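Remember, predicted model here, so these are calculated numbers, not experimental data. Atom set for the values below is all heavy atoms of this structure, side chains included, hydrogens, waters and symmetry mates excluded.
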Amino acid sequence: MLPEPPVTLPTPAPEPTSPVTAPAPTPPPPLAAYDQEGFDGWKQGFLARKGGARRAEYERELAGLTPDPSVVRLDRNQPEFSKPAGAYVQNAVTPVRIAQAKQRIDRVPWPVVQRFGVPSEILVGIWAQESAFGQVQGDYDVIRSLATLAYDGRRRDWAEAQLKDALDIVVDGRRERAGLKGSWAGAMGQTQFMPDNYLRLGVDQDGDGKVDIWGDDADALASAANLLAQAGWKRGQGWGYEVVLPAGFNYAEAEGPKHDWAYWAAKGVRLAHGGTPNGAEALEDATILLPQGANGPAFLALPNHYVIRSYNNSVSYALAIGLTADGIMGKPGLTKAWPNDASLSRDQRIGAQAALTRLGYDTRGVDGVIGSNTRAALRRWQQANGRIADGYLTAELADELIRKAN
């Protein structure tokens, strides 16, 4: 599982558009500002806050630890949030990846599909994206990575909670410290579980008395299925569809209030490959997504799209999983090409968020992550300035916002 923790995704409440007087939040300090003394000070605070009866054991596992600057660097440049959606999806959903996934579809135990209701194609898509079918699981020290993220402070409460769970995994003897390896963000095993989800949702599918998401395909895939099932996966439904929007479509409705298929069909929305959603899907409230703005493909996102985002809260990630699953099932590809937009630099992302907030359109944080709050703020600015309100931040628009705010 990639870095962002599972979250609920309500529609952002409207925010005032009058100029704000408070200064924009300060971005995280540069790497050069980190020192061992500061890290050790944070560590003592963590032990005081979280150690409790296990303080001595936690202190033992944290002894001699130093922060890892590469973890902070990677955290600030996550591809799901810095690359255009098309670049991310096209890199993830390839003919080779789909062919490899088809060869492994039978590795998903049928009892797992029956028990949790999550299709094999979705599980194999996650397996492919998270670790290339177990081949690339990461060799970072999970405890060091999480300690670094906690010290950095962008997501301190979340990182400290994950760190405590990682320490408990070791202290309880569930996994040797030397084997607690994973991604730079602390995600572990073939399906990249964060420590809290490993403890809460890990499944011993083969019944050998331990949850081995590193070396056991069945345990890893069953654990992923359990996570999606607990997040609300709807049996018998897909994740969504590519759609064609009519001329004059109100782009401000994208990523806004959810409606059933009858509502969207009445607006002139149609499925790109024809037909209609199945009976159950048609009754669900769904959202129109424009991951690369009005010039890119559009999607009808069903509830299961958001369930996938409980794994990684990124539109690009969820689309990659869904489109990979579609490819495994032999469904046709997208009818509309992705625009060839440039990636946003971190300075552009942070600068645009700070600019929007300064102009009166609060992004609810200046962290360089272009998520739903930033897109909602941008959409309000676009509406107020006579632009197509698709909520899509290009490099050119970021530069324009920064100039206007300054």
Side-chain angles (χ1 to χ4, degrees), residues 4-15 80-81 85 89 117-119 122 227-246 248-273 275-294 296-323 325-326 334 336 361-364 370-380 382-383 388-392:
E4 293 296 332
V7 297
T8 304
L9 297 165
T11 301
E15 296 164 2
E80 298 94 333
F81 300 100
V89 170
V118 182
I122 291 289
L227 186 155
L228 295 175
Q230 294 298 322
W233 185 270
K234 291 180 177 286
R235 292 173 183 255
Q237 297 185 26
W239 64 272
Y241 296 88
E242 184 191 6
V243 293
V244 176
L245 305 179
F249 181 77
N250 179 10
Y251 288 96
E253 288 203 69
E255 206 172 359
K258 300 177 176 67
H259 301 285
D260 63 16
W261 175 242
Y263 176 92
W264 293 118
K267 294 281 185 178
V269 177
R270 60 184 178 85
L271 301 191
H273 292 288
T276 61
N278 71 36
E281 293 169 344
L283 298 175
E284 296 286 357
D285 286 336
T287 309
I288 299 296
L289 295 180
L290 302 168
Q292 211 160 331
F299 299 90
L300 181 77
L302 294 164
N304 283 341
H305 165 86
Y306 292 95
V307 173
I308 296 171
R309 281 168 65 173
S310 69
Y311 219 100
N312 180 318
N313 186 21
S314 155
V315 174
S316 297
Y317 176 86
L319 285 176
I321 301 304
L323 292 170
D326 286 354
L334 299 180
K336 189 167 185 177
Y361 305 89
D362 188 3
T363 61
R364 301 187 185 182
I370 306 302
S372 59
N373 291 331
T374 300
R375 293 191 295 272
L378 176 58
R379 194 172 286 112
R380 294 195 300 276
Q382 289 170 321
Q383 285 181 292
I388 294 176
D390 59 6
Y392 179 56

* Structure fact -> Closest heavy-atom pair, D362 versus R380, reported as atoms and distance to 0.1 Å, is O-NH2, 3.5 Å
* Can any side-chain N or O of E242 pair as donor or acceptor with the backbone N or O of K336 at less than 3.5 Å? -> yes
* Could you state the interatomic distance from OG1 (T363) to CZ (R375), rounded to the nearest 0.5 Å? -> 12.5 Å
* Y392 and L290: CA distance, side-chain angles, deciding distance, side-chain contact (heavy atoms from CB on, under 4.5 Å) verdict -> CA-CA 8 Å; Y392 179 56; L290 302 168; over 6 Å; no
* **Euclidean distance, I288 CD1 relative to K267 NZ, rounded to 0.5 Å** => 11.0 Å
* To do: Kindly give the heavy-atom pair with the smallest separation between Q237 and N278, and that separation in Å.
  => CA-ND2, 4.5 Å
* For residues D390 and Q382, is any side-chain donor paired with an opposing acceptor at under 3.5 Å? -> yes
* With sequence neighbours excluded, tell me which residues meet ring-ring contact (aromatic ring centres under 6.0 Å, His included) with W233. => none
* To do: Would you please test V269 and L245 for side-chain contact (heavy atoms from CB on, under 4.5 Å) and show each step?
  => CA-CA 5 Å; V269 177; L245 305 179; 3.9 Å; yes
* Asked: Is the CG atom of L271 crowded by more than 12 outside heavy atoms at less than 6.0 Å?
  -> yes
* Asked: Distance from L319 atom CG to L289 atom CG, nearest 0.5 Å?
  -> 6.5 Å
* Asked: Going from CZ on R364 to OG1 on T374, what distance comes out if it is rounded to the nearest 0.5 angstrom?
  -> 10.5 Å
* Asked: Y263 vs H259 aromatic rings, parallel, tilted or perpendicular, using cut-offs 30° and 60°?
  -> parallel
* Asked: For L302 and G238, which heavy atoms make the closest approach, and how far apart are they?
  -> CD1-O, 3.8 Å
* Structure fact -> Closest non-hydrogen atoms of W239 and H305, given as atom of the first, atom of the second and distance, are O-CB, 3.4 Å
* **Backbone of S316 reached by a side-chain donor or acceptor of S314 within 3.5 Å** => yes
* **Step-by-step side-chain contact (heavy atoms from CB on, under 4.5 Å) determination, W264 to V243** => CA-CA 10 Å; W264 293 118; V243 293; over 6 Å; no
* Structure fact -> To the nearest 0.5 Å, atom NZ of K258 lies from atom OG1 of T287 at 4.0 Å
* **Sequence-distant partners of L283, side-chain contact (heavy atoms from CB on, under 4.5 Å), two or more places apart** => none
* Of the non-hydrogen atoms in P291 and V315, which two are nearest, and what is the gap between them? -> CB-CG1, 4.0 Å
* Structure fact -> On a heavy-atom basis, the closest approach of I308 and L228 is CA-CD2, 4.2 Å
* To the nearest 0.5 Å, what is the distance between CG (L334) and CG (D326)? -> 9.0 Å
